[in-house]
Structures are given as C-alpha cells and as structure tokens.
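Because the structure is a prediction, the values reported are computed rather than measured.
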Amino acid sequence: MASRITLLLACIFMLASVSNAAFVSTLSSTSSQASQENNAGFKSFSDLNSFLSLTPKSYKELTGKKLSLKEKLSLKITQKMMKKQSQKAASGGTLPQWAYIVLSIICLGWLAIGIKSNWSGNDWWIDLLLYFLFILPGIIYALVVMNKYY
C-alpha cells in the first residue's frame, strides 16, 4: 500500500514538473515572439504580483495568443507554486521539515510551530495546551498544522 502511494505521489510530482517546464518554455517563447512583433503592447513581469494576477484572458490580451487547456493548467500550477515559495520565503524561521516532524513527535510541536510562525498567531498556544491536556492530540495537531508551513 505504501509503495502504491509513493508511486502515485512520484507520478503527480513528475506531471506537475513537466507541466510547469512546458509552460515556462511556452511563456518565454511566446513572450519573445510577442516582444519582437509588438514591443509596445507587451509588458514584462517586473514583479511577482503581476505574474500571480495573470489570467488566461489577460495573457491573450498581452500576446494575442489563446492558451490551450494544458497551458492554462500549467499557468495555475506555476502561480500556485510560486505563491507558496514566496510565502515560505516570507515565513519566520527556517526549520527543515524533518526537524519539524521530530520536534512534533518528541512533544515539542508547539516550539516548531512557534518558530515557523514567528511566534505570531494562536496555533502554537493551542498546541501547547493540547500537549498539557493530552499528548496525542498535541502531536496530531502539530502534524496537521504542518501543512500550513510546508
């Protein structure tokens, strides 16, 4: 069962990375063609927010070319991944995922949550209370909240 899940996750990861690579190459080739054809009508993405706000409709307005379904999905996946990476960069402490899991298992999940959230928010307080009341819910809560940071 575990090998099937691992295989499924590997396939999903490969599909996402291939789709992102296809979109990036399509976007770069299209943007170079559009800049050669119409320098005044094509604006480059100078910041992350302008790329994250890009929609297939605005892409068509910029380049004059309609995105296929595969390219639309690649755009959305790439935007989601870039948004997640920017959130990771803006997060408080740097704690590898394996260290987070180890701290959670040895009943210091509240510490890991506090480091990752820069001691802001209520997640680490809730986890600390769950550890004091019952240990197992504290571990489970720390591992569930981990999805917020990784």
Side-chain angles (χ1 to χ4, degrees), residues 1-32 42-63 65-150:
M1 182 68 178
S3 63
R4 288 183 183 174
I5 292 173
T6 306
L7 180 64
L8 178 65
L9 289 174
C11 290
I12 290 171
F13 178 74
M14 286 178 32
L15 178 64
S17 62
V18 167
S19 297
N20 289 338
F23 176 73
V24 170
S25 66
T26 303
L27 182 62
S28 64
S29 66
T30 305
S31 65
S32 64
F42 185 78
K43 85 172 189 185
S44 63
F45 299 109
S46 59
D47 62 345
L48 181 63
N49 291 332
S50 63
F51 177 72
L52 292 178
S53 65
L54 180 69
T55 61
K57 186 177 179 181
S58 63
Y59 181 82
K60 184 177 180 181
E61 291 172 1
L62 290 173
T63 62
K65 184 178 178 185
K66 186 175 180 181
L67 292 175
S68 67
L69 179 62
K70 184 178 178 181
E71 291 171 337
K72 288 178 188 178
L73 291 174
S74 296
L75 172 66
K76 293 301 175 187
I77 290 170
T78 305
Q79 286 175 333
K80 189 173 186 177
M81 289 176 63
M82 290 182 74
K83 185 175 182 180
K84 190 173 184 179
Q85 289 294 327
S86 69
Q87 288 174 348
K88 276 186 187 179
S91 69
T94 56
L95 189 65
Q97 189 172 9
W98 64 268
Y100 185 97
I101 292 170
V102 169
L103 284 173
S104 298
I105 291 173
I106 61 171
C107 299
L108 292 173
W110 61 272
L111 181 65
I113 293 172
I115 291 170
K116 286 304 287 181
S117 68
N118 244 359
W119 301 100
S120 63
N122 294 328
D123 289 335
W124 70 277
W125 280 108
I126 293 170
D127 195 46
L128 183 63
L129 290 174
L130 286 172
Y131 274 117
F132 283 138
L133 297 176
F134 309 100
I135 293 175
L136 187 60
I139 294 171
I140 293 171
Y141 183 77
L143 294 174
V144 168
V145 171
M146 179 177 65
N147 289 334
K148 190 184 224 182
Y149 303 109
Y150 292 100

What are the two closest non-hydrogen atoms of S53 and S50, and how far apart are they? OG-O, 3.1 Å
Go through I115 and W124 one step at a time and tell me if the side-chain contact (heavy atoms from CB on, under 4.5 Å) criterion holds. CA-CA 9 Å; I115 291 170; W124 70 277; over 6 Å; no
Are any of the side-chain heavy atoms of V145 and D127 separated by less than 4.5 Å? no
Any chance CH2 of W119 has more than 12 other-residue heavy atoms, nucleotides or ligands included, within less than 6.0 Å? yes
So, applying side-chain contact (heavy atoms from CB on, under 4.5 Å) with S68, which one of K72, K70, K66 is it? K70
Run the side-chain contact (heavy atoms from CB on, under 4.5 Å) check on K76 and Q79 step by step: do they pass? CA-CA 5 Å; K76 293 301 175 187; Q79 286 175 333; 3.6 Å; yes
Can you confirm whether M146 sits close enough to Q97 that some side-chain heavy atom of one is under 4.5 Å from a side-chain heavy atom of the other? yes
Across all chains, not counting sequence neighbours, the side chain to side chain donor-acceptor pair (under 3.5 Å) partners of Y131 are none
Please report, to 0.1 Å, the donor-acceptor pairs under 3.5 Å made by any side chain of residues 104-111, with sequence neighbours excluded.
unit_1	atom_1	unit_2	atom_2	d
S104	OG	Y100	O	2.9

Cut-off 3.5 Å, no hydrogens considered: what does the side-chain donor-acceptor table look like for residues 134-142, sequence neighbours left out?
unit_1	atom_1	unit_2	atom_2	d
Y141	OH	D123	OD1	3.1

Between the side chains of S117 and S120, does any donor sit under 3.5 Å from an acceptor? no
Apply side-chain contact (heavy atoms from CB on, under 4.5 Å) to residues L75 and F51 and explain how you reach the verdict. CA-CA 10 Å; L75 172 66; F51 177 72; 4.1 Å; yes
Value rounded to 0.5 Å, distance of CH2 in W125 from CG in L130: 13.5 Å
Is a donor on one side and an acceptor on the other found under 3.5 Å between the side chain of S58 and the backbone of L54? no
Separation of N122 CG from L129 CG (nearest 0.5 Å): 10.0 Å
